[in-house]
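Only one structure is covered here, and it is reproduced in the block below.
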Amino acid sequence: MEISNWVVIAVGLFLFALYLSNVAGRLDRLHLKVENARNALDRQLALRSAICSDIAGLDLLDAKLRNRLANAIHASISEESLDIHTKNEWDIESEVTKSLCELFNKDFDITKYPNQKNLIQETAGATRRVQYALTFHNDAARSAIKVRRRWLVRSFRLFGRASMPVLIDFDDQIPQGLEFC
């Protein structure tokens, strides 16, 4: 082989290695984005639990629904203290959402509670932030999963030791009574 052929092969290998490095860097940034989104989701869930525990303490609302909300929050806080995340955690968060939806149903009127208006508005904001954080996390996870499923990424194990991102699924709807707060 002539030297010009070796130069072409060397340049081709260099460009291929540069491309692989670029994809590995992008994948690393996507994994970091998933991790940051997961931490943000955990913070928003903890904030929602804290605010909802104040809501569960209001004597003005239905006692049965407040107890159900308090039990769901207690389970949520207990589950959040664990380092590992399980399907049970997402079922519990769905239960908190369902309790909020029952408490603040479509017939709920914030004008009946002028002294608690700020707390109810904080609850509405917390539910929205949880919804946004879940959306951001799942979008980031989908992007990382999409890149990790590429043939080239799997063949060269460009993901290193990072675990496969997981999509999180729980009921994150905003209660009808809080939609316009």
Side-chain angles (χ1 to χ4, degrees), residues 27-108 110 113 115-148 159 161-181:
L27 190 57
D28 186 46
R29 289 188 301 275
L30 284 171
H31 281 134
L32 186 60
K33 185 177 178 181
V34 170
E35 185 179 333
N36 289 338
R38 177 56 189 266
N39 290 336
L41 177 62
D42 287 342
R43 282 192 307 273
Q44 293 306 322
L45 288 171
L47 179 64
R48 180 180 78 163
S49 294
I51 292 171
C52 289
S53 64
D54 292 341
I55 289 288
L58 291 178
D59 292 333
L60 303 172
L61 303 172
D62 183 16
K64 181 182 173 187
L65 293 176
R66 286 187 302 121
N67 287 336
R68 182 175 172 203
L69 179 62
N71 291 337
I73 291 167
H74 177 71
S76 171
I77 292 171
S78 299
E79 197 71 23
E80 286 172 4
S81 64
L82 301 175
D83 286 337
I84 51 175
H85 299 284
T86 63
K87 169 98 173 84
N88 187 40
E89 178 182 3
W90 310 126
D91 292 340
I92 291 170
E93 294 300 340
S94 290
E95 183 63 29
V96 172
T97 301
K98 288 175 190 172
S99 299
L100 282 171
C101 287
E102 286 182 24
L103 195 58
F104 299 109
N105 59 21
K106 64 182 177 184
D107 299 328
F108 180 77
I110 194 170
Y113 308 99
N115 294 338
Q116 286 77 25
K117 186 176 181 179
N118 288 340
L119 182 59
I120 294 169
Q121 287 175 338
E122 283 182 34
T123 305
T127 58
R128 282 187 193 91
R129 288 189 300 273
V130 165
Q131 194 176 49
Y132 296 148
L134 180 63
T135 302
F136 291 147
H137 175 272
N138 284 341
D139 287 348
R142 274 188 207 95
S143 297
I145 290 169
K146 183 179 175 184
V147 171
R148 283 186 66 150
F159 49 85
R161 295 183 182 168
S163 60
M164 180 68 92
V166 177
L167 296 175
I168 297 174
D169 184 34
F170 67 88
D171 187 6
D172 65 339
Q173 68 179 331
I174 298 173
Q176 289 181 347
L178 298 180
E179 284 180 346
F180 302 108
C181 288

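Heavy atoms only: backbone and side chains are in, while hydrogens, waters and symmetry mates are out. Numbers here simply count residues along the sequence, with the first being 1.
- The side chain to side chain donor-acceptor pair (under 3.5 Å) pairs that include a residue from residues 117-129 are Gln44-Arg129, where partners are two or more places apart or lie in different chains.
- Using modelled atom types, no side-chain atom of Arg38 and backbone atom of Pro165 make a donor-acceptor pair closer than 3.5 Å.
- Between Gln131 and Thr97, the closest side-chain pair of non-hydrogen atoms is not below 4.5 Å.
- Within the 4.5 Å cutoff, side-chain heavy atoms of Ile120 are placed close to those of Phe104.
- Asn138 contributes a side-chain N or O that, together with a main-chain N or O of Ile168, makes up a donor-acceptor pair within less than 3.5 Å.
- Qualifying side-chain contact (heavy atoms from CB on, under 4.5 Å) partners for Asn67, counting only residues two or more places apart in sequence or in other chains: none.
- The distance from atom CG of Leu45 to atom CD1 of Ile92, rounded to the nearest 0.5 Å, is 11.5 Å.
- With values rounded to the nearest 0.5 angstrom, Gln173 atom CD is found 9.5 Å from Ser94 atom OG.
- Put simply, CD on Glu89 and CG on Asp42 are 6.5 Å apart, with the number rounded to the nearest 0.5 Å.
- Residues meeting the side chain to side chain donor-acceptor pair (under 3.5 Å) test with Arg142, sequence neighbours left out: Asp139.
- No donor-acceptor pair under 3.5 Å is formed between the side chain of Ser76 and the backbone N or O of Ala72.
- Under the 4.0 Å criterion applied to side-chain N and carboxylate O atoms, Glu179 and Lys106 are not assigned as salt-bridge partners.
- The minimum heavy-atom distance between Ser53 and Ile73, with the atom names listed, is N-CD1, 3.4 Å.
- Atom CZ of Phe136 has 12 or fewer heavy atoms from other residues, nucleotides or ligands within 6.0 Å.
- Nearest heavy-atom pair, Val130 versus Leu41, reported as atom, atom and distance to 0.1 Å: O-CD1, 4.0 Å.
- Applying the ring pair (Phe, Tyr, Trp, His ring centres under 6.0 Å) test to pairs two or more places apart or on separate chains, none has a residue in residues 33-53.
- When all heavy atoms are compared, the tightest approach of Cys52 to Leu69 is O-CD2, 3.8 Å.
- Separation of atoms CG (Leu134) and CG (Asp172) is listed at 5.0 Å; rounding is to 0.5 Å.
- Of all heavy-atom pairs between Ile55 and Arg66, the closest is O-CD, 4.1 Å.
- In terms of heavy-atom proximity, Trp90 sits nearest to Phe170 at O-CB, 3.3 Å.
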Donor-acceptor list for residues 29-37 side chains, cut-off 3.5 Å, not counting sequence neighbours:
{"from": "Arg29", "atom 1": "NH1", "to": "Gly25", "atom 2": "O", "distance (Å)": "3.3"}
{"from": "His31", "atom 1": "ND1", "to": "Leu27", "atom 2": "O", "distance (Å)": "3.3"}
{"from": "His31", "atom 1": "NE2", "to": "Arg148", "atom 2": "NH1", "distance (Å)": "3.2"}
{"from": "Asn36", "atom 1": "ND2", "to": "Leu32", "atom 2": "O", "distance (Å)": "3.4"}

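- Not counting sequence neighbours, the partners of Asp91 by the side chain to side chain donor-acceptor pair (under 3.5 Å) test are Lys87.
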